[in-house]
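The structure appears below as structure tokens.
On a predicted model such as this, the values are computed, not experimentally measured, just so you know. The chain is numbered in sequence order, starting from 1. Counting starts at 1 for both ligands and their atoms, following the listed order.
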Amino acid sequence: MAANRLPVDRVVADDGTVSWGRSPGGLVTAMDSVMRSREGAWVGWAGEASEEAATPEPFTEAGMYLRPVPLSAEEVRDYYEGFSNDTLWPIYHDVIVQATFHREWWRSYVQVNQRFAEAIAEVAAQGATVWVQDYQLQLVPRMVRELRPDVRIGWFNHIPFPPVELFAQLPWRRGLLEGLLGADFLGFQRVADAQNFVRACRQLLRAPTKKDTVTFPGPGGMPHTTRAAAIPISIDFQGLERLARTPEVMARSRELRHQLGNPRVLMLGVDRLDYTKGIRHRLKAYEELLQDGRIAPPDVTLVQVATPSRERVDSYRDLRTQVELTVGRINGEYAPIGSPAVHYIHHTQSTQEMAALFLAADVMLVTPLRDGMNLVAKEYVTCRHDLGGALVLSEFTGAYHELHQAFVCNPHDIEGLKQTILKAINTPDKDKRRIMRALRRRVSDHDVNRWASRFLDALATAPLVPQHTEQQDHEENQQRIQRHAAEDDREAVRRDQTRASQATRRSRP
Ligand code: F6P
């Protein structure tokens with residue numbers, strides 16, 4: 001497996017001591033649980049610029065063989081902050097901010113992709129399966145095929161793949177497509193993303209396409225066929241739900257509500273501080289609801305967790321300034337002493353703390369302007385084993401295509417967003433429970449392990465479509481029925497307990 005980042009970041013303290021912390025982002029959360037249950041090596045960057053001499057050696061962590069790929073300070077600037085996050089990221093997210101094009105950034109991207117390919121070629125066994133992740137490594141499939149024609153190569157895009165009209169702006173569009181066509185199978189979050197890719201190959205490379213396949217000359221000149229299809233990513237439902245059911249997390253969620261002044265409605269936003277996440281639009285809607293007098297602290301409050309991200313890229317710096325000014329203005333205008341209208345957290349939280357926050361929040365605001373999937377939406381419903389809470393979800397996320405029973409919004413439509421937030425607050429509990437049950441079923445039936453097996457099956461048979469045997473389908477259905485029955489039983493017990501305690505309270509003199 002190769003991803004831009006290893007699952008752990010190397011942190012050097014001022015006194016020179018080295019420690020390893022969990023890397024940011026949904027990719028790491030998802031792939032970490034997949035890789036732990038499979039023997040494999042993870043090739044990736046350790047998250048800090050290294051001097052030649054300081055390159056960390058490969059090491060083993062939680063049963064995974066981790067092979068660091070060093071990046072110099074210039075490569076962090078040009079390959080990571082530059083080409084990956086200031087050229088590709090805006091183009092792949094509907095150009096919410098303008099993309100920047102620099103030829104030296106592209107040169108650095110090629111150089112670093114080559115280094116990743118060489119590291120993969122070095123650690124992969126004969127005939128291995130190589131799974132490359134995300135937009136930072138789009139040249140790697142073809143580079144690996146050149147070095148190691150014996151391996152099978154898959155690539156998964158965690159972010160959207162843009163329509164050809166936007167993709168065509170990239171001066172290096174041919175190189176990117178040719179790089180990807182070195183793979184046997186390409187996975188995307190949505191059907192539309194896979195179609196955008198196939199269309200780009202047809203229009204920009206004049207490559208012959210048939211349904212979801214593209215044929216193009218491989219490194220030796222022989223035609224090679226690649227299949228591109230949608231396999232939406234998910235999360236470790238069982239693992240996260242187990243955590244959310246622990247007495248510690250449940251107690252912490254009650255404590256959090258208490259610390260926040262026991263509001264009637266606690267709203268929550270959890271995002272990397274990224275302009276794609278629609279944080280400004282969400283705050284605008286929230287501010288207008290306060291202004292209109294429709295909501296007010298301490299009755300209603302909002303916790304916004306905004307994890308630091310790509311802090312040296314201008315558009316991210318600008319966003320941070322705007323968000324922090326807005327939070328300050330909202331609290332200054334609408335919050336009485338001791339009851340902030342927005343609680344703003346700009347640091348990383350532990351998984352336990354996140355689970356407790358999800359369990360505490362009455363309304364979860366997921367309002368991206370464009371997002372490949374948005375695993376926060378899936379994490380929220382996973383933690384709500386009590387069937388409480390309401391999910392407000394942007395229709396511009398990949399998650400919307402699976403969780404369309406949520407309270408759906410178009411974040412550009414501020415008036416509509418305000419109405420959706422009020423609807424999420426005011427819908428009767430019994431209807432919200434019904435919705436939450438449906439959302440949870442979808443995520444539990446399509447968890448990260450199923451995603452990984454589907455991807456690896458598709459990779460094994462590509463360019464042919466894998467044939468699921470009837471026996472496999474039957475077994476999966478049986479497991480699903482059993483899981484749903486167990487959940488219904490638990491829900492019935494919980495309802496009985498609530499009724500019994502209400503009856504006891506009523507019978508007290
Ligand atoms: O999925 C998008 C993505 O860029 C991942 O590749 C990455 O792990 C995550 O978001 C966080 O971004 P970054 O690695 O730039 O901090």
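- Not a single N or O atom of His158, backbone or side chain, sits closer than 3.5 Å to an N or O atom of ligand 1.
- Listed by atom number, the atoms of ligand 1 under 4.0 Å from Trp89 heavy atoms are 2 (C), 4 (O).
- When the heavy atoms of Met31, Arg310, Glu81 are ranked by distance to atom 4 (O) of ligand 1, first place goes to Arg310.
- Looking at Gln136 next to ligand 1, an N or O pair under 3.5 Å apart turns up.
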(Q) Before you tell me yes or no, could you show the steps for Lys277 and Asp274 under salt bridge (Lys or Arg N to Asp or Glu O under 4.0 Å), namely the whole-Å CA-CA distance, both residues' side-chain angles and the distance that decides it to 0.1 Å? (A) CA-CA 6 Å; Lys277 304 290 181 185; Asp274 194 304; over 6 Å; no

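- Looking at Ser309 next to ligand 1, no N or O pair under 3.5 Å apart turns up.
- A side-chain contact (heavy atoms from CB on, under 4.5 Å) with Ile120 is found for one member of Leu147, Val130, Leu137 and no other, namely Val130.
- Of all heavy-atom pairs spanning Leu139 and Asn113, the tightest one is N-OD1, 3.0 Å.
- Of the protein's heavy atoms, Asp134 OD2, 3.3 Å lies nearest to atom 1 (O) of ligand 1.
- Ligand-side atoms of ligand 1 in range of Tyr80: 13 (P), 14 (O), 15 (O), 16 (O), range being under 4.0 angstrom from any heavy atom.
- Ring pair Phe455/Trp131 is parallel by interplanar angle, where below 30° counts as parallel and above 60° as perpendicular.
- Atom 14 (O) of ligand 1 has as its closest protein heavy atom Arg5 NE, 2.7 Å.
- A heavy-atom separation below 4.0 Å is not found between Gln133 and ligand 1.
- The nearest heavy-atom contact from the protein to atom 9 (C) of ligand 1 is Gly25 CA, 3.9 Å.
- Residues Tyr135 and Asn157 have side chains that never bring a donor and an acceptor to within less than 3.5 angstrom of each other.
- Close approach of ligand 1 to Tyr135 (heavy-atom distance below 4.0 Å) involves ligand atoms 4 (O).
- Salt-bridge formation is detected for the pair Arg145/Asp184: a Lys NZ or Arg NE/NH1/NH2 atom is positioned less than 4.0 Å from an Asp or Glu carboxylate oxygen.
- Of the heavy atoms in Ile159, only side-chain atoms (C-beta onward) come closer than 4.0 Å to ligand 1.
- Note: Trp451 and Phe156 have perpendicular aromatic rings, judged against thresholds of 30 and 60 degrees for the angle between ring planes.
- The pair Glu241-Arg245 counts as a salt bridge, with a side-chain nitrogen and a carboxylate oxygen less than 4.0 angstrom apart.
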